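One structure is given here, and the rest of the page talks about it.
All chains are named by letter (A, B, ...) in the order of the sequence lines, taking the proteins before the strands, and each is independently numbered beginning at 1. From a predicted model like this one, the values you see are computed outputs, not experimental measurements.
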Amino acid sequence: DQQVKQNSPSLSVQEGRISILNCDYTNSMFDYFLWYKKYPAEGPTFLISISSIKDKNEDGRFTVFLNKSAKHLSLHIVPSQPGDSAVYFCAADDLTGTASKLTFGTGTRLQVTL
Amino acid sequence: KAGVTQTPRYLIKTRGQQVTLSCSPISGHRSVSWYQQTPGQGLQFLFEYFSETQRNKGNFPGRFSGRQFSNSRSEMNVSTLELGDSALYLCASNYQGVGTEAFFGQGTRLTVV
């Protein structure tokens, strides 16, 4: 049962353009969401997070949008740079407890071309 | 400020053996979580520790266990290794647990032969 889904396994974007990565979730208990960037054989690097009381959070070139009614979030990267090429994971957590237990999507491989 | 440190980076073990992996969290972080990444199952939660207590556990067999020490360092143990345990094991630390960002180490690549 995949509770967090990233339906696009890969995405190719030209340098300077906008990259939009999408994520859907099914568990209505999820109320905290994070995006991570990952290179092979390395740990994920935290990018940006959003809690369900917000619908948008921005940090530099990264913006995350949350649509709770649709159970959908997206990560926008503007402008895209070649160094952004990596696998991006969205993750979700449930704030009702105290222990962190992230549920990850399957990842989207982003390639930024020159 | 030092990041999350995992040792060793690489391990090769034989089926039936046991293995212990180590994780030192970011200074001041009291929550440590462990995840397994495999090509087939993706990133899956193993367990979370806070102040030496396991607060949450994922759907893994009892062969997977962990502990946390008073300095917040954590170890993960896998007994009676199986080929399917070959994976990248990742440790994450965050300040207090849920609702705060989790920062990951570089992982330990375990190969079971």
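Looking at A/F89, the atoms closer than 4.5 Å to chain B (heavy atoms on both sides) all sit in the side chain, from C-beta outward. Heavy-atom distances place no part of B/Q6 under 4.5 Å from chain A, backbone and side chain included. In this structure, the portion of A/L34 lying under 4.5 Å from any heavy atom of chain B is its side chain and not its backbone. Residue contact with chain A, scored on non-hydrogen atoms closer than 4.5 Å, is absent for B/Y49. Proximity to chain B is limited to the backbone of A/D94, based on heavy atoms less than 4.5 angstrom apart.
Within a 6.0 Å sphere centred on CZ of B/R63, other residues, nucleotides and ligands contribute more than 12 heavy atoms. Crowding of A/I18 atom CD1: a count of heavy atoms from other residues, nucleotides or ligands under 6.0 Å exceeding 12. Atom CG of B/N59 has 12 or fewer heavy atoms from other residues, nucleotides or ligands within 6.0 Å. For B/K57, the NZ atom is densely surrounded, since the number of other residues' heavy atoms within 6.0 Å is greater than 12.
Most heavy-atom pairs under 4.5 Å with chain A: of the set B/L43, B/L88, B/N56, B/T100, this distinction falls to B/L43.
Within the 3.5 Å criterion, the main-chain N or O of B/F103 finds no donor-acceptor partner in the side chain of A/Y36.
Two different hydrophobic clusters hold B/L81 and B/Y35 under the rule that ILVMFWY side chains link at heavy-atom gaps under 4.5 Å. Hydrophobic clustering, with ILVMFWY side chains joined whenever heavy atoms are under 4.5 angstrom apart, groups A/F33 together with A/L21. The cluster map of Ile, Leu, Val, Met, Phe, Trp and Tyr, joined by side-chain heavy atoms under 4.5 Å apart, puts A/L11 and A/I48 in the same cluster. No path of Ile, Leu, Val, Met, Phe, Trp and Tyr side chains, each step under 4.5 Å between heavy atoms, connects B/V113 with B/L21, placing them in separate hydrophobic clusters. Linking Ile, Leu, Val, Met, Phe, Trp and Tyr whenever their side-chain heavy atoms come within less than 4.5 Å leaves B/W34 and A/L102 in two separate clusters.
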Side chains of residues 104-112 of chain B: which donor-acceptor pairs under 3.5 Å do they make with residues two or more places apart or in other chains?
from   : atom 1 : to   : atom 2 : distance (Å)
B/Q106 : OE1    : B/R9 : NH1    : 3.2
B/T108 : OG1    : B/P8 : O      : 2.5

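Nearest heavy atoms, B/E101 versus A/Y32: N-OH, 3.7 Å. B/S33 approaches A/S100 most closely through the heavy-atom pair OG-O, 3.9 Å. Closest non-hydrogen pair, B/L90 versus A/G43, comes out as CD2-CA, 3.5 Å.
For residues 49-85 of chain A, a heavy-atom distance under 4.5 Å to chain B picks out A/S49, given by residue number.
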Exercise. Is there a side chain to side chain contact (heavy atoms under 4.5 Å, CB included) between B/F45 and A/F104 once you walk through the steps?
Worked result: CA-CA 9 Å; B/F45 172 79; A/F104 282 87; over 6 Å; no
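Looking only at side-chain heavy atoms (C-beta outward), B/R55 and A/K101 stay at 4.5 Å or farther from each other.
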